[in-house]
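Computed from heavy atoms alone, side chains included, the values below leave out hydrogens, waters and symmetry copies. Within every chain, numbering begins at 1; the chains are lettered A, B, ... in the order of the sequence lines, protein sequences first and strands thereafter.
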Amino acid sequence: MQSKSLDGLFQELLENEPIFKNKEVLRHSYTPDSLVHRDDQINSLASILVSALRGDTPSNILIYGKTGTGKTAVTRHVGIELERKGESLGLSCKVVYLNCEVIDTQYRLLANLTRQFGEDVPMTGWPTDQVFFKFKETIDNERQVVIIILDEIDKLIKKGDDVLYNLSRINTDLENAKVSMIGVSNDLKFTEFLDPRVKSSLGEEEIIFPPYDADQISDILHERAEIAYKPDALDEMVIPLCAAFAAQEHGDARRALDLLRVAGEIAERENKSHVEEQHVKGAQEKIEVDRVIEVVRTLPTQSKLALYSVMLLRNNGYKNVTTGEVYNVYRQLCLQVDMDILTQRRVTDLMSELDMLGIVNAVVVSKGRYGRTKEIVLSVPINSTKKVLFEDYRLKPLEFFKPVLTTQLHL
DNA sequence: GTTCCACGGGAAGATAAGGTCG
DNA sequence: CGACCTTATCTTCCCGTGGAAC
């Protein structure tokens, strides 16, 4: 390789006409100032929350919509506006935002809420009711309206709905402060699992976010591309193509933005001065592969072993892999790498988790007299997955290991 | 029509690892 | 220090069952 001075190395990269003007606006974390095609939702949300500015408690709200339909962006946007307006009117109006996917237990939720009001709560150690009490005490210090946004609220239900029940009744214990909640969910049916009391209190108002269609996504992309890219950096077909791909994915605007950004990155890496159609196709592929790789990489070792078992069976010509066989191989793998062997029951659960993550596809089938089982099909490319698995040093000894397979090949 | 297997579902509880508090 | 807290991860136990094989 030609050696250049270091200075020259970076100089060249810098001078290379960048395609991007401001890439940040294509990231999920960016909240745009104006939200296209969501006027209805913004207005209904605002008209419900306006009572906070009159010092009343707004109704609790449930918001539904698939991923990437702008729920979070709209809610946050309205929240910020509300706080701002409250401030100028001299009313204390506080909007707190919590993502229940990260904060998924009663304790953590309450602790987090309390912390947002400047009080310190330890990570763990306290009884939960003490945290709840502390929270009530903290907010009740001041005359204020508190609006709690619970994003991905459906994740919370799976662990029991005590928190929601408690929170929905909190107003009866408060002297000064008023609390109302906004639940955001991408599962339209999640209220079915809710305690009826919680359900009626939480769902006083409902707002639905329909998926975007391809044209609407195009509009959104145009708007952002204007800020994100240099003029003329995009080929004519780039945005429609991104929009079309994303529209297939239930109108996911987030996906569309990802596509647009990754396509740009690919083009940049190829030293092209503008983004072409093929880059979008490349982006589509890359995003999917990245997702899988990331998921596999962060899997717990036990799940990796289970997954590798499936792959081994697959490699040995097993068309229909069943739970029993997987467990058999899995046990051998464990002995090989000196890990504890989990029970079959537990491994069944691990397989279900892999199924949920979309790494594997499991269908329950009955084999009549020979029982019932899950038939497991791998839904990721074997080779690249294998490579990722062996990045884990604990799996290294398995690289050339051949399991003993039970020879019962029933068709 | 019956049978009956190899699972799946659900729940309870054990354990360990994080922590607070007096 | 010990008493007591949460949480994640597994184990244990028991029951339920789809549907081809009989």
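For the pair Gln302(A) CD and dT9(C) C1', the computed distance is 10 Å after rounding to whole Å. Between the C1' atom of dC5(C) and the CD atom of Gln106(A) lies a distance of 13 Å, rounded to the nearest Å. Atom OH in Tyr107(A) sits roughly 17 Å away from atom P in dC4(C) (whole-Å rounding). Per the geometry, CD belonging to Gln130(A) stands 13 Å off C1' belonging to dT6(C), to the nearest Å. Atom CE in Met339(A) sits about 12 Å away from atom C1' in dT9(C), given to the nearest Å.
Residues forming a side-chain hydrogen bond (donor to acceptor under 3.5 Å, both in side chains) with Glu277(A) (at least two apart in sequence, or on another chain): none.
Within 4.0 Å of Thr128(A), counting heavy atoms only, lie sugar-phosphate atoms of the nucleic acid but no base atom.
In this structure, the side chain of Gln144(A) engages the main chain of Ile139(A) through a donor-acceptor pair within 3.5 Å. A donor-acceptor pair is defined here as one N or O able to donate and one able to accept, closer than 3.5 Å; no such pair exists between the side chain of Glu142(A) and the backbone of Asn176(A).
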Requested in this report: Would you sort out whether Thr67(A) and His250(A) count as a side-chain hydrogen bond (donor to acceptor under 3.5 Å, both in side chains), showing the intermediate values?
Outcome: CA-CA 8 Å; Thr67(A) 42; His250(A) 57 252; 3.2 Å; yes
Requested in this report: Show your working on salt bridge (charged side-chain N to carboxylate O under 4.0 Å, His left out) between Arg254(A) and Asp258(A) and close with a plain yes or no.
Outcome: CA-CA 6 Å; Arg254(A) 194 181 306 173; Asp258(A) 279 339; over 6 Å; no
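Within the 4.0 Å cut-off from OP1 or OP2 of dT7(C), at least one side-chain nitrogen or oxygen of Thr105(A) is found.
For the residue pair Glu204(A) / Ser180(A), no side-chain donor-acceptor distance below 3.5 Å is found, with atom types taken as modelled.
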Requested in this report: Determine, for nucleotides 11-22 of chain C in 5'-to-3' order, which nucleotides have protein heavy atoms under 4.0 Å from the base (write B), from only the sugar-phosphate (write S), or from neither (write -).
Outcome: BB---BBBBBSS
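Protein chain A touches strand DNA chain B; the 5'-most and 3'-most nucleotides with an atom under 4.0 angstrom of its non-hydrogen atoms are dT3(B) to dC21(B).
Arg38(A) forms a cation-pi arrangement with Tyr212(A), by the criterion of a distance under 6.0 Å to the ring centre and an angle within 45° of the ring axis.
Under the 4.5 Å side-chain criterion, counting only non-hydrogen atoms from C-beta, Pro58(A) is in contact with Val145(A).
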